[in-house]
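Below is one structure, written out as structure tokens, with a few remarks after it.
In the text below, chain A, chain B and the rest are named by the order of the sequence lines, each starting its count at 1.
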Protein chains: 2
Amino acid sequence: MPQPDSLSLTQRLKQAGLRLTAPRKVILRVLDAADDHPDVEELHRRAQALEPGISIATVYRTMNTLAEHGLIERHSFAAGRARYEAQPAEHHDHFINLETGEVVEFRSDEIERIQQDIARAHGFEIVSHRLDIFVRPRR
Amino acid sequence: MPQPDSLSLTQRLKQAGLRLTAPRKVILRVLDAADDHPDVEELHRRAQALEPGISIATVYRTMNTLAEHGLIERHSFAAGRARYEAQPAEHHDHFINLETGEVVEFRSDEIERIQQDIARAHGFEIVSHRLDIFVRPRR
DNA sequence: CACCAATTGCGACAGATTCGCAGTTGAAAC
DNA sequence: GTTTCAACTGCGAATCTGTCGCAATTGGTG
Ligand SMILES: [Mn+2]
Ligand SMILES: [Mn+2]
Ligand SMILES: [Zn+2]
Ligand SMILES: [Zn+2]
């Protein structure tokens, strides 16, 4: 059951009872424009480009707040910095191209279904999951 | 194509051209005895119990070395410390019980196959992957 | 327009892991 | 059995990512 994703990030932020502050306006715009999976430093860089003065601590805190409220997803594909994306309309998993660092999204209803089946067989209920596939181009 | 897993960790260590030092003897024994997914602190604790004086820096370095040579697997189920296990004979994925912290292993040949198919369809070759499923007991 | 809890910027702090370095030691070669 | 020396170790300092305390600011409601 995905959330009402027809709403903009801004609308969802207010709906969650959070304040639409100046830094958040900028960060939400950055997230909305992103078609990749930027880390906090990159988000900060992009936000700074739009509006200098935003603190990186605020980016960190905002990502925490947005994640807690389900407006974004946090990933940790590799060691090091976490990476983020706006909560997608439909769940997907990721290929990480080890040669380029590029991240490609995919989705398999079949895999999703099997996960459910196995979890149920073990007496579990799935809260969340992540499937990260590290790949390289076929030669 | 799994590696020659019939060999003991010790044998594989030597075969990799690594030195079988006193601390490593202990750490390998700890890894071999573990049936769970301990973190560095826990490994250090267990190693200390067998042989006081082993430094945690050595445990860190040893885990890196063993991982580089494919003798162990490193996991990061949650934020915080990484967790380890001896390279299993057969690949498996993990359920993480959010209520107890317990880790349960499972394997689905079907999921593995589908991953291969999708990767191939994208022109990728899989190097590695991880599927972590965070669950709770069904009420 | 006043009010006040939520939010921000800043620098200090924390947790996990890595690193530099001097001393030790496997194990290969005498 | 000795010698030899690069690999390895212990220690503490350093690094890196992320969090926190606090005083100042500010959304948004009345
Ligand atoms: Mn999935
Ligand atoms: Mn798998
Ligand atoms: Zn994605
Ligand atoms: Zn496991």
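Following rounding to the nearest Å, A/I54 (CD1) and D/dT26 (P) show an atom-to-atom distance of 13 Å. Regarding B/E68, its CD atom lies at a distance of 11 Å from the P atom of D/dC8, rounded to whole Å. Nucleotide D/dC22 holds its P atom 13 Å from the CZ atom of A/R61, rounded to whole Å. Taking atom NE2 of residue B/H44 and atom P of nucleotide C/dT18, one finds them 15 Å apart after rounding to whole Å. Atom pair B/K25:NZ and D/dC8:P shows a separation of 14 Å (rounding to whole Å applied). Rounded to an integer number of Å, the gap from B/M63 CE to D/dC8 P is 15 Å. Atom CD1 of B/I56 and atom P of D/dT9 are 14 Å apart (whole Å). In this entry the distance linking CZ of A/R83 with C1' of D/dT17 reads 15 Å, nearest Å.
In this structure, A/R19 reaches the bases: a heavy-atom distance under 4.0 Å links it to at least one base atom across the strands shown. Backbone-only engagement by A/K14 is indicated by non-hydrogen atom pairs under 4.0 Å involving sugar-phosphate atoms exclusively. Among the heavy atoms of the strands lying under 4.0 Å from A/A82 are primed sugar atoms or P, OP1, OP2 only; no base atom is included. Within 4.0 Å (heavy atoms only), A/L20 reaches sugar-phosphate atoms of the nucleic acid but no base atom. Heavy atoms of B/R24 sit under 4.0 angstrom from primed sugar atoms or phosphate atoms, though from no base atom.
Outside the 6.0 Å centre-distance limit, the rings of B/H129 and A/F134 are not counted as a close aromatic pair.
No side-chain donor-acceptor contact under 3.5 Å links B/T58 to the backbone of B/I54. In this structure, the side chain of A/T100 engages the main chain of A/E102 through a donor-acceptor pair within 3.5 Å.
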Next item on the list: Evaluate the ring pair (Phe, Tyr, Trp, His ring centres under 6.0 Å) criterion for residues A/F106 and A/H94: first the C-alpha distance (whole Å), next the side-chain angles of each, then the deciding distance (0.1 Å), finally the verdict.
Entry: CA-CA 6 Å; A/F106 73 93; A/H94 300 89; 7.9 Å; no
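Of the listed nucleotides (D/dG10, C/dA6, C/dG9), C/dG9 has the atom at the smallest distance from the side chain of A/T58. Side-chain proximity of A/N64 to the nucleotides D/dG28, D/dT19, D/dT9 is greatest for D/dT19. Nearest to the side-chain atoms of B/P23 among the listed nucleotides D/dT9, D/dG28, D/dT17 stands D/dT9. The side chain of A/T21 has C/dT8 as its nearest neighbour among D/dG18, C/dT8, C/dG15. When each of C/dT17, D/dG27, C/dC19 is scored by its nearest atom to the side-chain atoms of B/Y60, the top-ranked nucleotide is C/dT17.
Mapping B/R74 and A/A22 onto DNA chain C via the closest heavy atom, the residue that lands nearer the 5' end is A/A22. Residue A/T65 is the one, among B/L18 and A/T65, whose nearest nucleotide of DNA chain C lies closer to the 5' end (criterion: closest heavy atom).
Considering B/E85, B/R130, B/R83 in turn, B/E85 is the only one that fulfils the side chain to side chain donor-acceptor pair (under 3.5 Å) rule with B/H75.
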